[in-house]
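Just below is one structure, and these are the notes that go with it.
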Amino acid sequence: MSDESYCTIGDATTPPKADGPPYAECVLCREPTEYPESYKGITLCPVCEWQEAQRSACSG
């Protein structure tokens, strides 16, 4: 049996925080995120990140 909790995502990575503008757009609401525009991948603003975490949280 795995040492990890069944609620964790094994390869989840977060983009590096940007030092300043330009910021990447949130893929859901198009608001600026905390991530650099040069980041390739899915970026979410803090509000959408929180909402997504609520949707995917374990409900024991």
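Below, each value reflects all heavy atoms present in this structure, side chains not excepted, and no hydrogens, waters or symmetry copies.
For the atom pair CG of L28 and CD of E49, the computed distance is 10.0 Å after rounding to the nearest 0.5 Å. Between the OH atom in Y35 and the SG atom in C26 there is a gap of 10.0 Å [rounded to 0.5 Å].
Residues satisfying the side-chain contact (heavy atoms from CB on, under 4.5 Å) test with E52, not counting sequence neighbours, are L44, R55. E34 is linked by a salt bridge (Lys or Arg N to Asp or Glu O under 4.0 Å) to K17, counting only residues two or more places apart in sequence or in another chain.
Put simply, the side chain of T33 never gets that close to the backbone of Y23: no donor and acceptor are under 3.5 Å apart.
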